[in-house]
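The structure under discussion appears below in the form of structure tokens.
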Number of protein chains: 2
Amino acid sequence: MKAELIAVGTELLLGEIVDINSPYLAGKLADHGINLYYISIVGDNRQRGLGVLQQALKRSDLVIISGGLGPTDDDLTRELVSAATGRELVEEPRVWAELEQWFLRRYGEDYHIPKHNRRQAQFPRGSRILGNGSGTAPGFLLDMGGKKLIALPGVPGELRDMFTREVEPLLPSLGGGRRLVTRNLNFVGIGESKLEELLGDLLATQTNPTLALYASGGKLRVRITARADSPEGASALIAPIEAQIKERAGEYFYGRDDETLEGVIGKQLTMRGLSLAVAESCTGGLISHTLTNVPGSSAYFERAFVVYSNRAKEDELGVPRELLKRYGAVSAEVAQAMAEGVRRQANTDYGVAVTGIAGPGGGTAEKPVGLVYIALASPGDTIVERHLWRGSREEIKHRTMLAALYLLWSQSKC
Amino acid sequence: MKAELIAVGTELLLGEIVDINSPYLAGKLADHGINLYYISIVGDNRQRGLGVLQQALKRSDLVIISGGLGPTDDDLTRELVSAATGRELVEEPRVWAELEQWFLRRYGEDYHIPKHNRRQAQFPRGSRILGNGSGTAPGFLLDMGGKKLIALPGVPGELRDMFTREVEPLLPSLGGGRRLVTRNLNFVGIGESKLEELLGDLLATQTNPTLALYASGGKLRVRITARADSPEGASALIAPIEAQIKERAGEYFYGRDDETLEGVIGKQLTMRGLSLAVAESCTGGLISHTLTNVPGSSAYFERAFVVYSNRAKEDELGVPRELLKRYGAVSAEVAQAMAEGVRRQANTDYGVAVTGIAGPGGGTAEKPVGLVYIALASPGDTIVERHLWRGSREEIKHRTMLAALYLLWSQSKC
């Protein structure tokens, strides 16, 4: 089975909007072991659209089109499919009735529904209608024996809804039963080349599963992909490789797939009944914001201070003025005082503090932009780390936040 | 001039990686008035790659290929261009010498450069080499009279570097001199349909410039695009439309293009010599993080409190326990007390406070998820707003932050 994707819409050719539907669909097809060979983007133009569609139906067995299902004159998908397959457009009374109801409910009983909206109830003869719960444009599936065509709305949320509910269940039969299972292992606190070194031979020699290493903004991900005749078979292939990887780099491994570092920290602290307070200078609230993205974080986190000036550090955390004068706000000494101060002020088990120069201004020869101190105060002691990042203000804030979370995570593990 | 983009790389067909090169290039072509009609993504496969390339050279005048310029056996772009254009691959001694130097500098004098890297110094005969400063793969441009082909590396940073330095200066002559100038007007604090209503006839009737309205996460953008023979001519077309738009919706207009709401707030506060402190509950640090993304924000912002529990609200801001017991933390009364408390505690001109239920848990029939109170305490008085958002925890945090910034901005204008 050879698949092909077509994304329709002139806005996709103007650089305004990124086609995120195609990568989404590509990932789903890959998960089901269906080979995708072409992705095409074409504008709202009859001639070019028809050309691309006809070529796709000729060279591929499964064609998925996204976009062009709206009510306006620029929405050509129904017509193009009709022209390319020779199946005339037929109105589905049930769909029109539902559309009517939706409009009248939304706009009132007296609302005069624009005539062109009627075309959204028209489908190439023989189509299976794919209901759309969240918008006004149902999609459709045309099974022509050797060739199959699926038309989905262009709005990403609507496409994913419709795909998950109505298309995905059909894929196993289309894919011939082969399944791809993917697992992502997430790492932090180690550089890309170092992790590559630790995993070396595994990355090079694996054929099934395959391994790939992705780096992004300080976080690393190892993607393990296994192909087998069933999800269970694929998972069985993954388990030993995952174990080997964890054996070599377990110190830096914090979670799988969608697990976030802040989520894992949350589980740890909740499980151990520990609490945390944060004092932020250069990160300006980012650490607290990240921690509080986790539902239930109020179980271990209940206050933080953004102490953006020396005065605020003195007032709120009791950092001695002497220390600020002697070492400066960006120093190991002040970071330690901030961490111990917030721990004391909030009466928590842990106190995390960061102080640094996010840039672009504010750097000196001695204390350049990107210089950051991170401190973690625990019942036992206080650890202070020094870092020097390169990058923009936002990158430096982000890297600092990650390093602070990593320190907290690695120290608070059982 | 008809342009076409081809992105080469099997990873783009697996859903792992989003092709962001094509939208980038599409935007650049649009800016220079060059019509783009097709974007294609194809894998590292000789037969399919050649087919797509041959088709592109037939139907389009300017073909830009990204990807496939690396040193491995999967990097086919040079071969494919050679096969499609009939120009044999020729080694450029200067390029090979530079590549050699790069490797030896990086890996040492004894390093044995892998043989396959030599192909990166080979180009279709007659190519103009596009130097690559940040990686190891130079691109090339082939001018074949009626047809032009440009090959760029697939790594987005490298592509943008090379494009900006070596390709963009050539575009005006390719585009025939027509220039597109775009200006974005940013709005907040008004709903999409309402803004559409206010701008109504302008949106419908404009042909040059054209207007388009984009909504994303509570922020609205009106994109004005004008086409003329020079950038100055295009700007002259934009000015009167911009004035008309501001006349109708100026109350909600905060900036153009890359100007951010927090940046505009920063300018306002700095200009008026005013200061600000923030008390966050449900937003967890997001407002402070956003405000401190602005360089120089320490001029007007020097402290904030994340008071995630009732206890913290009492301790740090002096919110009376009685108030918390009688009205609950999520109430207009407590929001007001928080805003006035932080203003007093920090001794600033303004105090901003938010309290609410970010979800997904924590809601009740009386106080559902998404209920949020925002308060702004000024020298004169305190304003409190009530909002009810739908969405995920992160969406509710984000919407609340925007509403808080909008309130601050609209109240602190001269």
Side-chain angles (χ1 to χ4, degrees), chain A residues 12-20 22-30 36-43 45 48 52 212 214 223 278 280 283-293 295-298 301-309 311-312 315-316 346 358-361 393-394 397, chain B residues 12-20 22-30 36-43 45 48 52 212 214 223 278 280 283-293 295-298 301-309 311-312 315-316 346 358-361 393-394 397:
Chain A
L12 296 170
L13 296 173
L14 297 175
E16 277 289 292
I17 297 187
V18 179
D19 172 23
I20 58 171
S22 297
Y24 168 81
L25 293 169
K28 292 291 185 178
L29 291 171
L36 174 68
Y37 289 136
Y38 300 97
I39 297 176
S40 302
I41 301 179
V42 69
N45 175 282
R48 291 190 285 273
V52 169
Y214 297 96
R223 183 185 205 246
V278 183
E280 308 192 44
T283 41
L286 177 55
I287 298 174
S288 308
H289 164 50
T290 306
L291 287 168
T292 56
N293 277 338
S297 46
S298 53
F301 172 87
E302 56 93 62
R303 82 186 72 180
F305 300 81
V306 178
V307 284
Y308 220 53
S309 65
R311 184 67 184 274
D315 287 351
E316 307 300 340
R393 186 180 180 87
E394 297 196 37
K397 285 176 81 172
Chain B
L12 295 171
L13 297 173
L14 298 174
E16 276 290 292
I17 298 188
V18 179
D19 171 24
I20 59 171
S22 297
Y24 168 81
L25 293 170
K28 291 291 184 179
L29 290 171
L36 175 68
Y37 290 136
Y38 301 96
I39 298 175
S40 303
I41 301 179
V42 69
N45 174 281
R48 291 189 284 275
V52 169
Y214 297 95
R223 182 186 206 245
V278 184
E280 307 191 45
T283 41
L286 177 56
I287 298 175
S288 308
H289 164 52
T290 305
L291 287 169
T292 56
N293 276 338
S297 46
S298 53
F301 172 87
E302 54 95 62
R303 81 185 75 180
F305 299 82
V306 179
V307 284
Y308 221 54
S309 64
R311 184 63 183 277
D315 286 352
E316 306 301 339
R393 185 181 181 87
E394 297 196 36
K397 284 177 82 173

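All values below were derived from every heavy atom in this structure, side-chain atoms included, with hydrogens, water molecules and symmetry-related copies excluded.
With values rounded to the nearest 0.5 angstrom, B:Asp19 atom CG is found 13.5 Å from A:Ile20 atom CD1. If you take OG1 on A:Thr290 and CG on B:Leu286, they are separated by 9.5 Å, rounding to the nearest 0.5 Å.
Aromatic ring orientation, A:His289 versus B:His289: parallel (interplanar angle below 30°, classes split at 30° and 60°).
Interface residue B:Tyr37: backbone and side-chain heavy atoms are both found under 4.5 Å from chain A. Heavy atoms of B:Arg223 lying under 4.5 Å from chain A belong exclusively to its side chain. Using a 4.5 Å cut-off between heavy atoms, B:Leu12 contacts chain A through its backbone alone, with no side-chain atom that close. B:Val307 touches chain A through its backbone: at least one of N, CA, C or O sits under 4.5 Å from a heavy atom, while the side chain does not. Neither the backbone nor the side chain of B:Val278 comes within contact range of chain A; no heavy atoms are under 4.5 Å apart. Heavy atoms closer than 4.5 Å to chain A are found in both the backbone and the side chain of B:Phe301. Heavy atoms closer than 4.5 Å to chain A are found in both the backbone and the side chain of B:Arg48. Only the backbone of B:Thr283 comes within less than 4.5 Å of a heavy atom in chain A; its side chain stays farther off.
Of all heavy-atom pairs between B:Ser297 and A:Arg393, the closest is OG-NH2, 3.6 Å. Heavy-atom minimum distance, B:Ala30 versus A:Leu14: CB-O, 4.0 Å. Contact detail for A:Ala26 and B:Gly15: the closest heavy-atom pair is CB-N, 3.6 Å. The nearest pair of heavy atoms linking B:Val306 to A:Ser288 is CG2-CB, 4.1 Å.
Just one residue in the list A:Val42, A:Ile41, A:Ile39 forms a side chain to side chain contact (heavy atoms under 4.5 Å, CB included) with B:Ile39, and that residue is A:Ile41.
In terms of heavy-atom pairs under 4.5 Å with chain A, the best-connected choice from B:Ala312, B:Pro360, B:Ala346, B:Gly359 is B:Ala312. Ranked by heavy-atom pairs under 4.5 Å with chain A, the first of B:Gly296, B:Gly43, B:Pro23 is B:Pro23. Ranked by heavy-atom pairs shorter than 4.5 Å toward chain B, the options A:Ala304, A:Ala212, A:Ala358, A:Ser40 are led by A:Ala304. The candidate from B:Leu291, B:Ile287, B:Asp315, B:Ile17 with the greatest count of non-hydrogen atom pairs under 4.5 Å with chain A is B:Asp315. Heavy-atom pairs under 4.5 Å with chain B peak, among A:Leu36, A:Asn45, A:Val52, at A:Leu36.
The shortest side-chain heavy-atom distance between B:Thr292 and A:Glu280 does not fall under the 4.5 Å cut-off.
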Start with the C-alpha gap between B:Glu316 and A:Arg303, add the side-chain angles, then the distance that decides, and say whether salt bridge (Lys or Arg N to Asp or Glu O under 4.0 Å) holds.
CA-CA 9 Å; B:Glu316 306 301 339; A:Arg303 82 186 72 180; 2.8 Å; yes
